[in-house]
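Every number for a ligand or one of its atoms is a count from 1 in the order of the listing.
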Amino acid sequence: MQRRDFLKAAGFAAAALAMPGYAQAPSRSAKGSKPNIVYVMIDELGYFELSCMGNKYLKTPNIDRMAGEGMRFTQALAGGPVCAPTRCALMTGQHTGHCTVRKNSQVWPMRAEDVTVAEVLKKAGYATGGFGKWGCGDRGTTGAPELHGFDIFFGYYNQTHAHSFFPNYLVRNGEKVPLEGNTGDYHEGKQFSHYLIFDESVKFIRQNKDKPFFCYCAWTPPHGQWGIPEDEPAWQEFKDKPWTARDAKVYAAMVAMVDRQIGQILALLKELAIEDNTIVFVCGDNGGRGGFNNLFDPNRDFRGQKGQLYEGGLRIPMIVRWPGRIKAGAVSDFLWYFPDVMPTLAELAGVRPPENIDGISIVPTLLGEDAAGRRQKNHEFLYWEHQQQVAVRMGDYKAIQPAKNKPFELYDLSKDIGEQNNIADKFPDVLAKMKAFAERSHTENLIGEVLDKEKAWKGHQFR
Ligand SMILES: [Ca+2]
């Protein structure tokens, strides 16, 4: 063993000893350097909507470049097939059979005892900021982000409020921030909310450049309703495309705009000389939507779309970049999903995640098993439930019950990525194992509380 490797191993052992009960000892704590974390989640961006994935119409040069400088995942899956549950799984490390927010309800907040990534990172000394769509609890409820570890959260708390890019207010730490000149019209107004949200994201990074920070950019474009400022450069690029639907042009412009802003964030990290100590994630939040007569073909090879537990509802683009630490241009088929983000970020920060999570840390996959000091653990099972649907992954096998009164279907995704050949009858033992896991995975869906009746559930009134 070389001296360097020995020191690494010794540091690893010491960290493991210092944290009894922690199964996955932090690899970074021994070095005393916690990376900054930027997590950009683009609302609805589909797996095949990147230009590096061969999309014919959409342009994502900055995300493509990021993929060349980092690791692109082919089997990263959303926590859920729609906005709110996928965010709750991401924030809590729990799958949708355990987490609190399991549907896009306006009145189902996280509970006070739910522990988020931000709370875990805060304990590790991180500055924590969230910008965009929260979706896990309205103002005046136990689900509000400022009660869950965020120093600042700026944007929309409520799902439906986030449908407008020209609302007459946004929310900062539970308080309304009026947007003068906006009437609530979906497509026009004086202040484009996403510019404000992007500016706050940038400001947060600048303000916290000298200490570890977690910048959660849950940005809303290109989610509808599709309104964009006339002078937005990306709109100028797409507004004259020969596509019938105006909304399709706005969608394409929004993808290009967000891509440009990701480039600006990467440039900012370089300018602040924190590029080498910042890990950046860029991903979608649920499967592609497939609107506009499926013009952009977000789910090309997959069955279904957003809202379903077929691959089209779950498979998302996922790129992770950390110069010098994550191998440039790597493509990984490691199978993981949103509940894994919590333990992964906790390990990078050198703290322990809560006990009651469903995720596993993917640090060995990101940094290499040598650097992590251990082998990558695999999921035995992954689990989702959504309304009447249930799905389980076990290796290449995918079991799905598409509705309550329908039997489970079974697919081998290694041969059948389009989920077309149901092999449930051929492999009853495999299916029985997966169904048993599904039964074990569902717990009663508990709900948070309203703390201030004056504030709660009024967040969607933006007109
Ligand atoms: Ca979404």
Practice item. Work out the angle at the Ca ion (ligand 1) between OD2 of D285 and OE1 of E44, rounded to 10°. Key: 140°
**Study point:** Whether H223 has an N, O or S atom under 3.0 Å from the Ca ion (ligand 1)
**Key:** no
**Study point:** Metal check, the Ca ion (ligand 1) vs N286 N/O/S, cut-off below 3.0 Å
**Key:**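 It does: N286 brings an N, O or S atom closer than 3.0 Å to the Ca ion (ligand 1).
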Check your understanding: Can you tell which of V282, D259, L266 makes a side-chain contact (heavy atoms from CB on, under 4.5 Å) with N62?
Key -> D259
Exercise for review: May I ask you to check whether S332 and T365 show a side-chain donor-acceptor distance below 3.5 Å?
Suggested key: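 Note: S332 and T365 side chains miss the donor-acceptor criterion.
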Check your understanding: Any luck finding a side-chain donor-acceptor pair between Q261 and H194 under 3.5 Å?
Key -> yes
Point to revise | For the Ca ion (ligand 1), the closest N/O/S atom belonging to D43 | key: OD1
Check your understanding: Looking at Y169, does the NZ or CZ of R172 lie under 6.0 angstrom from its six-membered ring centre and within 45 degrees of the ring axis?
Key ->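 Geometry flag: not set, cation outside 6.0 Å or 45°.
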